[in-house]
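What follows is a single structure, written as structure tokens, with notes after it.
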Amino acid sequence: MAHKKVNLPQKICPVCQRPFTWRKKWEKDWEQVIYCSEKCRRGKNSENKTQ
């Protein structure tokens, strides 16, 4: 039996620049998810981010 989670969508976190994968808890609002974790979301102002 093949593993079910091989083709999940990914995004790049603008704070840590690491890829993160879709999670079940983000199922309804995946389009609005920007950060990979709460830590990165809280640290967003410490980075020099252009938006």
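- The minimum heavy-atom distance between T21 and W30, with the atom names listed, is C-CH2, 4.1 Å.
- With contacts defined as side-chain heavy-atom distances shorter than 4.5 Å, the pair I34/P14 qualifies.
- Rounded to the nearest 0.5 Å, atoms SG (C36) and CZ (R23) are 7.5 Å apart.
- Counting non-hydrogen atoms of other residues, nucleotides and ligands closer than 6.0 Å to CG of N7 gives a total of 12 or fewer.
- Judged by the 6.0 Å distance and 45° axis criteria, K11 is not positioned over the aromatic ring of W22.
- In this structure, SG in C40 is found 9.0 Å from OH in Y35, a value given to the nearest 0.5 Å.
- Using a 4.5 Å cut-off between side-chain heavy atoms of Ile, Leu, Val, Met, Phe, Trp and Tyr, with links allowed through other members, L8 and I12 fall into different hydrophobic clusters.
- Residues satisfying the side-chain hydrogen bond (donor to acceptor under 3.5 Å, both in side chains) criterion with K24, sequence neighbours excluded, are E27.
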